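Shown next, in structure tokens, is the structure this report addresses.
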Protein chains: 2
Amino acid sequence: MAKKSDNPYVVQPVMKALKVLELVARHGHEIALTAVSKELRIPKTTTFRYLQTLTAAGFLDHNRTTDRYNLGPQLRAIARADASVSKVRELARPAMIELMHEFNETVNLAVKGNGTIVYIDLVEANRSLRMQARIGDSHPMHSTALGKAILAFLPEAERQRQLDLPLTERTGRTLLEREEIERQLRQVKRVGYATELGENEDGAMCIGVPVFDEDGYPVAALSISAPLMRMPHSLAAKAGVRLREVAAGISTRLGSPPPTTAG
Amino acid sequence: MAKKSDNPYVVQPVMKALKVLELVARHGHEIALTAVSKELRIPKTTTFRYLQTLTAAGFLDHNRTTDRYNLGPQLRAIARADASVSKVRELARPAMIELMHEFNETVNLAVKGNGTIVYIDLVEANRSLRMQARIGDSHPMHSTALGKAILAFLPEAERQRQLDLPLTERTGRTLLEREEIERQLRQVKRVGYATELGENEDGAMCIGVPVFDEDGYPVAALSISAPLMRMPHSLAAKAGVRLREVAAGISTRLGSPPPTTAG
DNA sequence: AACACGAGTTTCGCCTTGCGGAATTATGGG
DNA sequence: CCCATAATTCCGCAAGGCGAAACTCGTGTT
């Protein structure tokens, strides 16, 4: 009675529960326990448990008056987040390639995670010494230009919450003093770009700018990273200005209101 | 060691697998087995199994070159379908209320399911004798005006596939002859609205029109339903024309190309 | 070139815990 | 008020999920 798959690692309860989720989702709207059970040929008790579990996890929503289930907030949130990331990546890619050629350095794109930034795309300069990051890697917010760019433009309450978390020390130069960080963030907000000098990785530096979504929220950041020795102050400033322009273009295309560059 | 929930019906493997799914999704991009395992404090073997299962179900995607996982097509499809349904419902609601007042009959909105139509919204006239349908109910395509409206505008291949399925007989008047159905569908395509007279429920009739998405695909249908006795031919024709107008407006706002009313 | 390390895959046997039939309670239509 | 249908709860069995450990494979190091 080999059923679903030849893959011996498939966990049956999980697989069946996913079928339930799928059925409910594809149904378009509110469906009752018995209907799901009949449709999937899964005993009512088992179906009941899956529906309960999916609901507890927020993937489904249980309407107590009609005793029916439909898609839950969790799934919608995931979908929205994914769509947002996809869109940012798509919009940013051409600009990133252009920037890479312009400065001949690696260009990074990251989104805001929970207390961290997560790299979602990068275009490497071929003369890059070694890879700085990989897609999917996550780094602390306070030790990267990407993170600082986002932090600076976060709503006050959320920024405070972020800075309340323990700040990990990545290198000897990583900023750990709250005072100092907040001073820098104000500076970032003023000039519109963030700089990080060997604070995340020894010998490497980075210039980052935020990308805003339609609500003016900094969902992502764009950066140019380089070995410290290859990026003098003057060039960094130039890069910052260019990044700011490019990011503003992306933000606009994401439906963002005009950037709040002014302090 | 009571963990997640006080709900005794929560199935642990399912719950944990959902956590894995959520983590991968929220990560923004490609994440490796070990990272998931560490983050969630779930043993590597177990995490491995969940990732395999989620992948087999299409909820995740396994990149074999990098050995990392990210969101899969299944989840995106579900999300897209849901967003589409939500949007249709949202756009249609005001028009439905207007139509209800105009004809003082129940107005229905349904989406195309698999071989059926599924009611996703309805606005009942208060003089309605009894409820015709409930949100979430699904009816055959060939026995309802909603279904016929959709069938008529489906791509040829898909329509044939639908009609190949066994046709259930809802009432004595339900159309079962393929010839007859296809003749009616051509007629529907010509006039732009479908009519059903006691074919789905004795004594009830319905007039339905399709709603198109941005690809010109009939994702949903709008209808007015009434007791047979209250809806003479002339009034039905008038309702058909009005529905056609209203649905065209909704289709346009969904990004649909100009309706293919011409035969 | 050999080695050490880390990541993914496979095995294996224990025993948790998921399963589903059946009993029980809630619901709502007639 | 009763009956039909649906949702919950109970319970004992054993299916199958679990995780430690062994194994493989690829990378980077000495």
Side-chain angles (χ1 to χ4, degrees), chain A residues 1-20 24 27 30-57 60-70 129-131 134-137, chain B residues 1-20 24 27 30-57 60-70 128-137 201:
Chain A
M1 208 194 285
K3 217 190 317 188
K4 314 290 175 185
S5 170
D6 40 2
N7 187 333
Y9 299 113
V10 169
V11 178
Q12 296 301 344
V14 174
M15 181 55 97
K16 285 187 282 179
L18 291 174
K19 297 275 182 217
V20 169
V24 174
H27 197 261
E30 296 218 334
I31 184 168
L33 165 61
T34 307
V36 177
S37 168
K38 275 186 186 147
E39 184 89 24
L40 259 33
R41 312 280 177 78
I42 296 176
K44 216 164 55 156
T45 312
T46 305
T47 307
F48 177 64
R49 271 193 282 256
Y50 294 159
L51 288 170
Q52 289 290 319
T53 308
L54 289 162
T55 302
L60 292 182
D61 210 23
H62 183 214
N63 183 337
R64 291 180 176 277
T65 38
T66 60
D67 244 314
R68 284 162 180 235
Y69 300 82
N70 55 215
L129 299 182
R130 51 152 177 30
M131 63 210 61
R134 283 185 178 224
I135 291 177
D137 283 357
Chain B
M1 208 194 281
K3 217 189 315 191
K4 313 290 173 185
S5 170
D6 41 2
N7 186 336
Y9 299 112
V10 169
V11 178
Q12 294 301 343
V14 174
M15 180 56 95
K16 284 187 283 179
L18 291 174
K19 296 275 182 219
V20 169
V24 174
H27 198 263
E30 297 219 333
I31 184 168
L33 164 62
T34 308
V36 177
S37 168
K38 275 188 186 143
E39 184 89 25
L40 258 34
R41 311 280 176 77
I42 295 176
K44 215 164 53 158
T45 314
T46 305
T47 307
F48 177 63
R49 272 192 281 257
Y50 293 159
L51 288 171
Q52 290 288 321
T53 308
L54 289 162
T55 302
L60 291 182
D61 211 23
H62 183 212
N63 183 338
R64 289 178 177 278
T65 39
T66 60
D67 245 316
R68 286 163 179 234
Y69 300 82
N70 56 215
S128 162
L129 299 182
R130 51 155 175 28
M131 60 212 60
Q132 312 270 29
R134 282 184 178 225
I135 291 177
D137 283 357
E201 210 164 327

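Naming: A, B, ... by sequence-line order, numbering from 1 per chain. Quick caveat: nothing in here was measured; it's all calculated off a predicted structure.
- Rounded to whole Å, atom P of D:dA6 lies 12 Å from atom CG of A:Asp67.
- Between the CZ atom of B:Phe48 and the P atom of D:dT24 there is a distance of 16 Å, given to the nearest Å.
- Atom CE in A:Met15 sits roughly 14 Å away from atom P in C:dC19 (whole-Å rounding).
- When heavy atoms are screened at a 4.0 angstrom cut-off, A:Thr45 is found touching base atoms of the nucleic acid.
- Distance, B:Gln52 CD to D:dG17 P: 14 Å, rounded to whole Å.
- A straight line from CD of A:Gln12 to P of D:dC18 spans 12 Å, rounded to a whole angstrom.
- Spacing between atom CZ of A:Arg68 and atom P of D:dA7 amounts to 9 Å, rounded to whole angstrom units.
- Distance from the side chain of A:Pro13 is smallest to C:dC19 among D:dA6, C:dC19, C:dA7.
- Of the candidate nucleotides C:dG18, D:dT9, D:dC18, D:dT9 has the atom nearest to the side chain of B:Tyr9.
- A donor N or O paired with an acceptor N or O is found under 3.5 Å between the base of D:dA7 and the side-chain atoms of A:Lys44.
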Check: A:Asp67 and A:His62: side chain to side chain donor-acceptor pair (under 3.5 Å), yes or no, with the steps?
Finding: CA-CA 7 Å; A:Asp67 244 314; A:His62 183 214; 3.1 Å; yes
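- Regarding B:Leu51, its CG atom lies at a distance of 14 Å from the P atom of C:dT10, rounded to whole Å.
- Side-chain atoms of A:Thr55 never come within 3.5 Å of backbone atoms of A:Asp61 as a donor-acceptor pair (strictly under, hydrogens ignored).
- Donor-acceptor pairing under 3.5 Å, judged by distance alone, is present between the side chain of A:Arg49 and the base of C:dG20.
- Remark: C1' of D:dG16 and NZ of B:Lys16 are 13 Å apart, rounded to the nearest angstrom.
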